[in-house]
Amino acid sequence: MLVTKQQSDYAPPATEDPRMDEVARAVKRFGYQQDALIEVLHIAQRAFGYLDETLLTYIARQMKLPLGWVYGVASFYHFFSFEPPAEHNCVVCTGTACYVEGAQKILDLLEKEFGVKPGQVSADGRLSVTDFRCPGSCGQAPILVIDGELLGRETPESTIARIKQLLANDKQAKEVAP
Amino acid sequence: MSVITLTLNGEMISGLTGQTLLEVIREHGVELPTLCHLEGISERGGCRLCMVEVNGRMTAACVTKANEGMHVNTHTEKLQNYRRMILELLFAERNHVCAVCVMNGHCELQSVAAAQGMDSVRYDYLSPELPMDASHKRFVLDHNRCILCTRCLRVCDEVEGAHTWELKGRGIHSMVITDLNGPWGESPSCTSCGKCVQVCPTGALYDQGSTVAEMEKKHDFLPWILGGRGKKEWNW
Amino acid sequence: MNRSELFNMAQVEQERQAKLRFRILSCASTPCLSAGSQDVFNALQTAVTEHGLNAEVDVVASGCNGLCSHGPVVRIQTGDAPDDIYEFVTPEIARQIVARYADENGADVSEHLIPADAPFFAKQQRIVLGNSGRIDQEDIEGYIARGGYTALAHVLREMAPEQVCDAINQSGLRGRGGAGYPTGLKWQLVRKAPSNKKYVVVNCDEGDPGAYMDRTILESDPHRLLEGMAIAGYAVGADQGYIFVRGGYPGAEKRLNQLERVIRMAEKHGLLGGRVMDSNFSFRIDIRLGAGAFVCGEETALMLSIMGKRAQPVPRPPYPAQRGLWGAPTLLNNVETFANIVPIILNGADWYANIGTEKSKGTKVFALAGKVVNGGLIEVPMGMTLREIIYDIGGGIRDGHEFKAAQTGGPSGGCIPAQHLDSPVDYESMKALGSIMGSGGLIVLDDTSCMVDVARFFMEFCVDESCGKCVPCRVGTMQMLRQLEKICNGSATMQDLEILEELCEMVRETSLCGLGQSAPNPVLSTLRHFRDEYEAHILERRCPAGVCKMDQVPVMELAEELPRRMRSASGQKEVA
Amino acid sequence: MMAKKKEANTKIRLATAWLGGCSGCHMSFLDLDEQLLDLFAAADLVYSPIADIKEFPPNVDVTLVEGAVANVDHLELAQQIRANSKIVVSFGDCAVTGNVTSLRNRLGVDDLLTAVYHEGPGNLPRGGEVDKVMPALLPKVLPLHQVIPVDATIPGCPPDPERIWTAVSALLAGKEATLPEKMRMFG
């Protein structure tokens, strides 16, 4: 039988990556229901850190959805990212309470110190800055989340100090390692 | 289907249950401007040009079912003013430079603006930096002229059945894309049927090689196909 | 689990707790975590072990006590005496607290003890938050010991579905998501909609940037939500519920796992799932994740998101009560609304209808934040004045500044100035003042805030959150933002203000969904109450609060300004 | 003698100005051909790029402005025009919409100058062009009505003579220059 290229392409591509298996298991767990796309994307992003073309193609084929559909949904929601994450991530809450308490000053100083605006990654790929609304800790505003750690009542200076410390620790660790 | 009676601009008119207000209004010879609406594909209700006042409240005629006893006004001063404002917003959103556009003279946005008396744009032109995609061997996509009406998405999904087109992002950053945001020419799902190009109201989609004012579009094929397939007029 | 098993379980847990010397509830909700409450919790556990009290003392990670600005907060329950609540607890203080309760001669920790009559607590009426901070975040026993699931038991045995809808209707409860639609009416609509399949959805996406009521209720007292949803399911004839909850925010994963465990726990005890409490009623609850889109506050967008699609609202009608999820009639309420159901059933519709004002019944939870002394999660009867909320509960403005405005309703709401501080807080009064009740964000602004800048902040948010489907919202918000930016940087003229006002009206009237229709509200309300600030920016070229940079000039003045700028730039170069 | 002077005084004082545009609108204006005779029977041309008049005169009745506002000279002239004209008409798409002139708006002024004067053929030494050689460029090219109030518009790139005549003859007759739908199209 003649198998055209298109047909063979449409099967989910074979993969050795165990993280892909995790995604495949998730699709299966949701009974291949197409309406679970957002759940599957959450799981995929957790496993890979971001959503690249291979991964999105894999999901589309597993769930039998048009490619554009998957991309359209993933790009609609701010949580999903198509770029690899930086080594360190500093999330600054820009919700109303944090804004009122000076979150913009934190962002301004971050840009001045590290040259990174919200949504950007530093040139060396080590630090990304994200703005986010909101983790729901308004009583402790302004709020930061540095590498997953939730921090309240921060100032521009304390933020810079924390990040410098973080970057310096890496350097030390690298110097010790070899 | 039963007959319903409603008031259109002070006159009693009749329509059928299930019809949209837009259908009823146009049947009675009152012209409403539209951009995202296209007969033969689903309604979107996005461009808001067909806004009318129903019992004093504004609603888009294309997505509102005609109901018994509705009082509909289509051309109040406020509505006319809002329509011009919406057109100004569209012209300010992207880089609509009619003079150097392939669709100059045939463009729906251009002619709706002229018809509605939109003589200038008071808002800041946003002048976004937008790419063009000329990777397809037959067609070109120019985001500068796109008004995000999504006719291309709908015709591709509903008539051609390929679902090549999608929207990416949201809000002011929305863009039409093919598949995973790759070059159109490399789209694995595109059948190059060209329906999207023909239904596009502006110069966002056009034939390779056309130059200023050369591109014209025809969407007569839609009722033809939809009558044949959808309404099962082709019985062989 | 049937009715008698439920009561038995409650009794066992009550007796167990009664035998303890004391219980320590350490707040583990997000604000306290950001203040370091995990370390406090660890210190408490270690200290209890060191005192050899493991068998006699509970150390529990609890939900929110409300006083988030003073976190970490620790609550001590000692028998029948009123609870002691400690603020600003550090690991060291935590050890001292344990020592104090273990042995009367321990160090004095009263400095951190909040007086029992502190107005922050005394002026509140905690119904929705009744269990919050008083029970373990997860364990079902604690909830059942406080009467949990008896409302569901009662409903299933004693009430017909219509009676439940009627009771909710009689209570006068209105939707707490913002618009204030009568909850009972909505339930009746779904109940009457003809369909074999119906759904109950709770919106816990909470996109308002500055509000965290819903997440906190979900964290602090999750079983109450499940019970409320099950009652709703029974009343409207649905067998499937969805909790639409935000994923992806920092700490979300832990919360989601917790919620998942809570649902499984309720299923394990037969309080959810097939044949609930041995009745003929079945009700499953699943979690669906949001991924960061404020527009999901619009019900049609929310349902699209649950169905895994781009959350672009579709025109109504049809309303979700007619055609919702997968075309089936769907009941959609927010967390706080569902959290009100259990107390209404337990105490009766009349009891509830006696709280609040004529048209706004019951209590409202607010996330009080901004420039107040006491920020946090509060619950007050409807009709309390803003002044009482801000000055009595909130303790007034910090650092000797002047109150300027209260922002309610987030990006869809508005700002209420000082002259209206004595207005009662209810749906109608807020609307009359040009704001909305909203879901409960309440941000207090002082004289260091520029109201034009606040309007600009919210418009930036709306631009970011517009789904892009309809032109007025997609481009109109962007153009409004442009005008506001011009006002804030000094380049605006009075004509720009006119353009802005005209756009506000157009976007409000022609947008497809609630997001666009309400996007101009922050501008309209600040224009209404603080027009002088707008005019100072434009006519006098100054920002009265000193927030805006004002470093640009109107186009007309560029003829002089541009050559000057260029000369100074090239002059600097020559010097360098 | 007296009669002749009086007659001259009753003529409409017409001006045309050329800001940031290609002069195509003026070419189209000249294409009015024999209608020009009718026009100048009723109007005096008191300022125009096609007439050698240095200063924009006072008390102008109608001024047709071609081109968008791209630099400070345009800005100053636009202000002079407004101050000295009863009726100001945006003449052609550049004045009405910014059109081709505004295509540069996607670039920053510095990048634009670099691209044109330094990266293009025949490199010039850097510096000086900003305020010695050429007038300072505005950050964005603007349509005329975003700089001064405008009373009427004649769209088109260029507007064809028919449109120009329809608008101008209406203005000369003291009527509003409202164009019919077909003549309102941009482009």
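Labels below follow one simple rule: chain letters A, B, ... track the order of the sequence lines, proteins then strands, and each chain is numbered from 1. Model, not experiment: these values are computed from the prediction.
- The CZ atom of Arg215(C) lies 8.0 Å from the OG atom of Ser137(A); values are rounded to the nearest 0.5 Å.
- By the 4.5 Å heavy-atom criterion applied to side chains, Ile38(A) and Arg288(C) are not counted as neighbours.
- Leu368(C) does not touch chain A: none of its heavy atoms, backbone or side chain, sits under 4.5 Å away.
- Nearest heavy-atom pair across Ala291(C) and Tyr77(A) is O-CB, 3.3 Å.
- Looking only at heavy-atom pairs under 4.5 Å with chain C, the residue among Pro135(A), Ala74(A), Gly136(A) that has the most is Gly136(A).
- Residue with the most contacts toward chain C among Gln45(A), Arg46(A), Glu149(A): Arg46(A) (heavy-atom pairs, distance under 4.5 Å).
- If you measure heavy-atom distances from Val73(A) to chain C, the contacts under 4.5 Å come from both the backbone and the side chain.
- The closest side-chain heavy-atom distance from Ser305(C) to Phe76(A) is not below 4.5 Å.
- Residue Gly210(C) comes nearest to Cys134(A) through the heavy atom pair N-SG, 3.6 Å, listed as atom of the first residue, atom of the second, then distance.
- Using a 4.5 Å cut-off between heavy atoms, Ala141(A) makes no contact with chain C at all.
- With hydrogens and angles ignored, the 3.5 Å screen pairs no side-chain donor or acceptor of Gln34(A) with any backbone N or O of Gly308(C).
- Residue Lys197(C) places its NZ atom among more than 12 non-hydrogen atoms of other residues, nucleotides or ligands, all under 6.0 Å distant.
- With a threshold of 4.5 angstrom between heavy atoms, Glu206(C) does not approach chain A through any atom at all.
- Two residues are said to be in side-chain contact when any heavy atoms from C-beta on lie closer than 4.5 Å; Tyr212(C) and Cys138(A) meet this criterion.
- Using a 4.5 Å cut-off between heavy atoms, Cys64(C) makes no contact with chain A at all.
- Between Leu289(C) and Phe79(A) there is no side-chain heavy-atom pair separated by less than 4.5 Å.
- Between Val454(C) and Tyr99(A) the shortest side-chain heavy-atom distance does not fall below 4.5 Å.
- Rounding to the nearest 0.5 Å gives a distance of 11.0 Å between CD of Gln140(A) and OG1 of Thr30(C).
- Only the side chain of Ser449(C) has a heavy atom closer than 4.5 Å to any heavy atom of chain A.
- With a threshold of 4.5 angstrom between heavy atoms, Ala252(C) does not approach chain A through any atom at all.
- Here Ile443(C) is the residue among Val295(C), Ile443(C), Val444(C), Leu377(C) with the most heavy-atom pairs under 4.5 Å with chain A.
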Hey, can you pull the donor-acceptor pairs under 3.5 Å for the side chains in residues 110-120 of chain A, sequence neighbours left out?
unit_1    : atom_1 : unit_2    : atom_2 : d
Glu113(A) : OE1    : Lys164(A) : NZ     : 3.0
Gln120(A) : OE1    : Lys117(A) : N      : 2.8

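- Residues Lys309(C) and Trp69(A) have side chains in contact (heavy-atom distance under 4.5 Å, counting atoms from C-beta outward).
- Ranking Gly468(C), Gly292(C), Gly375(C) against chain A, the residue ahead of the rest is Gly292(C), based on heavy-atom pairs under 4.5 Å.
- Listed in order of number, the residues of residues 459-466 of chain C that approach chain A to under 4.5 Å between heavy atoms are Phe461(C), Asp464(C), Glu465(C).
- Without hydrogens or angle criteria, Arg153(A) side chain to Ser69(C) main chain gives a donor-acceptor distance under 3.5 Å.
- Using a 4.5 Å cut-off between heavy atoms, Arg255(C) makes no contact with chain A at all.
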